Each structure stands twice: as structure tokens, then as C-alpha cells.
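See below for the structure under consideration.
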Amino acid sequence: QVQLVESGGGLVQAGGSLRLSCAASGRTFSSDAMDWFRQAPGKEREFVAAISWSGGSTYYADSVKGRFTISRDNAKNTAYLQMNSLKPEDTAVYYCAAGSRSSSEGNMDYWGKGTLVTVSS
């Protein structure tokens, strides 16, 4: 059974940092792009960041550029999202997704169930 499991969410004060992890199981994802998305209360899901299968290419939404860093460790079948300088508007459920190619529209093959990040002001 293919699974993506996010972890690392929680409550943090504005200006703080969190590191999210996305552990994949069921098959190797070393050939897949890995993306992060988020959905804030009452809002549509939005693209956050993406990383190519090799880790050689990364992409970010303008809203997180310079504050968030996406990375991956293919040996551990895990992707990460380092979030620094967090703002209250970053509060959302964060989802990781995998697919043959990244898709800012969310056309990914596999999805995790999400982890909640709450940033207090």
C-alpha cells in the first residue's frame, strides 16, 4: 500500500520555524517529483513548493520564497519542508504529494493526509 505521511506540524509563534517531513512507503519515490501544498481554513488548496526527483530543481510559491526550503533524501524516501520566519498567514494544513512530474495545479498521483501548522501572532 502506497502511503505518504506528513509530520512535524504544530503550533509556533510568528517568526519561528518548523520542519515538515513527508515519509513515503509502499514503493520508492526516488523517481518522482515531490510537492507541498497547503489549505488554510475557508480557502482553496494552494501550491507551496516542489522538488524534482533528483533534488536538482526546486520551485516555490512567491508567498514563501526566501522563507521555505524544500529538500529530499531519496535514501530515506522522505521529503522535507523547512519553514522559517513563519507568519500567521502560513497557518494551514500542509500536504505532501508525489507524481511523475510536479504540478502547481495539484495533478499529483499520491497525497498524504496532511499536518496542521498554526502560527500565532
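Numbering starts at 1 and runs along the sequence shown. The basis for the numbers below is simple: all heavy atoms, side chains too, and nothing from hydrogens, waters or symmetry mates. This is a predicted model, so every value here is computed, not measured.
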| task | Return the minimal non-hydrogen interatomic distance between A40 and T91, and the atom names on each side. | result | CB-O, 3.5 Å

| request: Quick one: do S102 and D35 satisfy side-chain contact (heavy atoms from CB on, under 4.5 Å)? Show the steps, please. | output: CA-CA 6 Å; S102 290; D35 292 7; 2.8 Å; yes

| task | Quick one: closest heavy-atom pair of L86 and L18, and the distance? | result | CD1-N, 3.8 Å

| remark: In terms of heavy-atom contacts, Y60 and A49 come closest through CD2-CB, 3.7 Å

| said: Looking at A23, is its backbone amide N or carbonyl O close enough to the side chain of N77 to form a donor-acceptor pair, meaning the two atoms are under 3.5 Å apart? | reply: no

| remark: For residues 78-117, the ring pair (Phe, Tyr, Trp, His ring centres under 6.0 Å) pairs (sequence neighbours left out) are F29-Y110, F37-W111

| query | Between S120 and L11, which heavy-atom pair has the shortest distance, and what is it? | reply | CB-CD1, 4.3 Å

| field | Side chain to side chain, L4 and M108, heavy atoms closer than 4.5 Å | value | no

| task | Looking only at non-hydrogen atoms, find the nearest pair between M34 and A98 and report the distance. | result | SD-CB, 3.5 Å

| For R27, does the CZ atom sit with more than 12 other heavy atoms under 6.0 Å from it, leaving out its own atoms? | yes

| task | For the residue pair R67 and M83, establish whether any side-chain heavy-atom pair is separated by less than 4.5 Å. | result | no

| request: Kindly compute the distance separating CD1 (I51) from SG (C96), expressed to the nearest 0.5 Å. | output: 12.5 Å

| Non-hydrogen atoms of S17 and S85 that approach each other most closely | OG-N, 4.3 Å

| said: Donor-acceptor pair, distance only, cut-off 3.5 Å: does the side chain of N74 make one with the backbone of S54? | reply: no

| Trace of the side-chain contact (heavy atoms from CB on, under 4.5 Å) decision for R38 with V64 | CA-CA 11 Å; R38 67 186 181 186; V64 306; 3.9 Å; yes

| Can you tell me how far OG of S30 sits from CZ of R72, rounded to the nearest 0.5 angstrom? | 7.5 Å

| Are the side chain of T78 and the backbone of K76 linked by a donor-acceptor contact shorter than 3.5 Å? | yes

| query | When hydrophobic residues are tied together by side-chain contacts of less than 4.5 Å, even through go-betweens, does V12 share a cluster with V93? | reply | no

| said: Can you confirm whether more than 12 heavy atoms, excluding those of K43, are under 6.0 Å from its NZ atom? | reply: no

| Chi angles and distances behind the side-chain contact (heavy atoms from CB on, under 4.5 Å) call for E6, L20 | CA-CA 7 Å; E6 302 93 338; L20 305 185; over 6 Å; no

| task | Might you work through the salt bridge (Lys or Arg N to Asp or Glu O under 4.0 Å) test for D90 and K87, ending with a clear yes or no? | result | CA-CA 5 Å; D90 294 318; K87 304 175 181 179; over 6 Å; no

